[in-house]
Amino acid sequence: MTWLITGGAGYIGAHVVRAMTQAGERAVVYDDLSTGIAERVPEGVPLVVGSTLDGERLARVLAAHAVTGVVHLAARKQVGESVERPLHYYRENVEGLRVLLEAVTAARVPSFVFSSSAAVYGMPDVDLVTEDTPCLPMSPYGETKLAGEWLVRATGRATGLSTACLRYFNVAGAASPELADVGAFNLIPMIFERLTRNAPPRLFGDDYPTPDGTCVRDYIHVVDLAEAHVAAARALRASPGRDLTVNIGRGEGVSVREMIDLVNAVTGHDRPPTVTPRRPGDPARVVASADRIAAELGWQAEHDVQDMIRSAWEGWVRLHPEAARP
Ligand SMILES: NC(=O)c1ccc[n+]([C@@H]2O[C@H](COP(=O)([O-])OP(=O)(O)OC[C@H]3O[C@@H](n4cnc5c(N)ncnc54)[C@H](O)[C@@H]3O)[C@@H](O)[C@H]2O)c1
């Protein structure tokens, strides 16, 4: 069985390639390298540079590599940028997916795993977010993920394609320093970035209705997330016509204040945070119920938040040696 992994040169995609190949699956990476890094693709795994908007190239790759399953991670992922450039996000994330699904169904590829996001839920007013919590995305990015799920499920119903929509919560950590996230768009790298500049980490509001007043999120180690893709891919192969939608989180909330304390402790810094105004559209609490994925795939997270910080920090220090000051 050969899996086409779109976005396999990206942060999460490279971890999925690693987990799939370690599990004995064959992989081919398809990536336009817009944010991806070719060196992340391991030796022995073919890398085809191309866009998901290029249906002809996709058709050639699916045939040439006798692809029997797709894991589709290629997408633009910045919420703020999606507010400024909605047409670009809809084109890359929704039109790119539609073109890919056309090629996949024409080639009669039987299995399709789609990277979705907790952003589909928007501002859920519940303690634990289940897959049945209403989806009310707050940004064009979240909308493209929800529209993507609709597209994937509708195609599955119409053609018998086996599908899995995986709703990732907050992804962090790395399997090795070279595979670490190089952007500073998520909380952990944002705290690293402040510590590196000798500036206090920011709390973005401390008057939310949470125990310590700061926002609470569910963090998932990218290595655990990648293993969930292996489990989903195997489940689709074993049961044709399957239609699975699952949260991928740990079911445990960590507040921004707690995360800053943990980062200080793990990295040897000692920098108290500063309170800055709330960011528009930040929900108070978004924590997954991870029951469905445990029941459906027998998967559960193994790594804790300290593991995420430690491994992310090793990757950060590799690129920013000045950060390891204290
Ligand atoms: N990082 C997170 O916390 C998070 C959370 C929820 C969901 N996701 C989803 O996970 C997926 C991977 O995210 P990531 O963090 O690895 O981001 P990333 O930017 O590191 O990876 C995206 C990859 O896709 C490629 N790409 C983008 N548009 C493409 C296109 N049209 N055609 C071909 N290749 C294209 C990029 O070059 C890059 O290699 C995305 O779908 C994202 O929406 C990420």
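Each ligand, and each atom within it, is numbered from 1 in the order the structure gives. The structure displayed is predicted, hence computed values, not measured ones.
A ring-centre distance under 6.0 Å is not found for Tyr30 and His65.
Among residue pairs with one or both ends in residues 212-229, those qualifying as salt bridge (Lys or Arg N to Asp or Glu O under 4.0 Å) are Arg217-Asp282; sequence neighbours excluded.
Looking at Leu73 next to ligand 1, an N or O pair under 3.5 Å apart turns up. The N/O atoms of Tyr11, backbone and side chain alike, include one that comes under 3.5 Å of an N/O atom in ligand 1. Between Asn170 and ligand 1, no pair of N/O atoms sits closer than 3.5 Å. Between Tyr141 and ligand 1, at least one N/O pair is under 3.5 Å apart. The shortest N or O to N or O distance between Arg76 and ligand 1 is not under 3.5 Å. Residue contacts with ligand 1: Leu53 is placed with no nitrogen or oxygen under 3.5 Å of a nitrogen or oxygen of the ligand (distance criterion only). When only interatomic distances are considered, the shortest N/O to N/O separation between Lys145 and ligand 1 falls below 3.5 Å.
In this structure, atom 13 (O) of ligand 1 lies nearest to the protein heavy atom Ile12 CD1, 3.9 Å. Residue, atom and distance of the protein heavy atom nearest to atom 8 (N) of ligand 1 are Tyr168 CD1, 3.5 Å. Nearest protein neighbour of atom 26 (N) of ligand 1, counting heavy atoms only, is Asp32 OD1, 3.4 Å. The protein non-hydrogen atom at the shortest distance from atom 15 (O) of ligand 1 is Lys77 NZ, 2.8 Å. From the protein, the heavy atom lying nearest to atom 5 (C) of ligand 1 is Phe169 O, 3.8 Å. For atom 39 (O) of ligand 1, the closest heavy atom belonging to the protein is Asp31 OD2, 2.5 Å. The closest protein non-hydrogen atom to atom 21 (O) of ligand 1 is Gly10 CA, 3.5 Å. Ranking protein heavy atoms by distance to atom 32 (N) of ligand 1, first place goes to Thr52 N, 3.0 Å.
The option from Gly148, Gly183, Ala9, Gly7 that lies nearest to atom 23 (C) of ligand 1, judged by heavy atoms, is Gly7. Looking at Leu33, Thr35, Val171, it is Val171 that brings a heavy atom closest to atom 2 (C) of ligand 1. For atom 22 (C) of ligand 1, the nearest non-hydrogen atom from the set Ala75, Gly13, Ser34 belongs to Ala75.
Close approach of ligand 1 to Ser117 is summarised as follows: ligand atoms under 4.0 Å from at least one heavy atom of the residue are 6 (C), 7 (C). Interface atoms of ligand 1 facing Gly36, defined by a heavy-atom separation under 4.0 Å, are 36 (C), 37 (O), 38 (C), 39 (O). Annotation for ligand 1: atoms under 4.0 Å from non-hydrogen atoms of Glu92 are 28 (N), 30 (C), 31 (N). Of all atoms in ligand 1, numbered sequentially from 1 with element shown, those under 4.0 Å from a heavy atom of Gly50 are 32 (N), 33 (C). Proximity to Ala74 (heavy-atom distance under 4.0 Å) selects the following atoms of ligand 1: 24 (O), 26 (N), 29 (C), 33 (C), 34 (N), 35 (C). Under a 4.0 Å criterion applied to the non-hydrogen atoms of Ser116, ligand 1 contributes the atoms 6 (C), 7 (C).
Between Asn186 and ligand 1 there is a heavy-atom distance shorter than 4.0 Å. Not a single heavy atom of Ala172 lies less than 4.0 angstrom from ligand 1. Using a non-hydrogen distance threshold of 4.0 Å, Ser51 registers as a contact of ligand 1.
Shown here are the side-chain hydrogen bond (donor to acceptor under 3.5 Å, both in side chains) partners of Arg257, two or more places apart in sequence or in another chain: there are none.
Note that CZ of Arg40 and OG of Ser176 are 10.0 Å apart. Values are rounded to the nearest 0.5 Å. Taking CG of Leu166 as the start and OG of Ser115 as the end, the distance is 7.0 Å to the nearest 0.5 Å.
Classification of the Trp313-Phe192 ring pair by plane angle, with boundaries at 30° and 60°, yields perpendicular. Classified by interplanar angle (parallel below 30°, tilted 30° to 60°, perpendicular above 60°), the ring pair Tyr121/Phe169 is tilted.
Side-chain polar atoms of Glu131 and Thr245 form no donor-acceptor pair below 3.5 angstrom. Using a 3.5 Å distance cut-off with no hydrogens or angles, the side chains of Arg285 and Tyr208 do not pair a donor with an acceptor. No side-chain donor-acceptor contact under 3.5 Å links Trp3 and Ser111. With 3.5 Å as the limit, one finds no donor-acceptor pair spanning the side chains of Asp32 and Ser51. At a cut-off of 3.5 Å, with distance as the only test, no side-chain donor of Arg237 or Ser162 sits close to an acceptor on the other residue.
Neither the backbone nor the side chain of Ala119 comes within 4.0 Å of ligand 1, counting heavy atoms alone.
Within a 6.0 Å radius of CD in Gln306, other residues, nucleotides and ligands contribute more than 12 heavy atoms.
Side-chain contact between Thr130 and Asp291 is absent, with no heavy atoms from C-beta onward closer than 4.5 Å. Looking at Thr52 and Val99, their side chains never come closer than 4.5 Å, going by heavy atoms from C-beta outward.
Ala228 and Ile248 make their closest contact through CB-CD1, 3.7 Å (heavy atoms, listed as atom of the first residue, atom of the second, distance).
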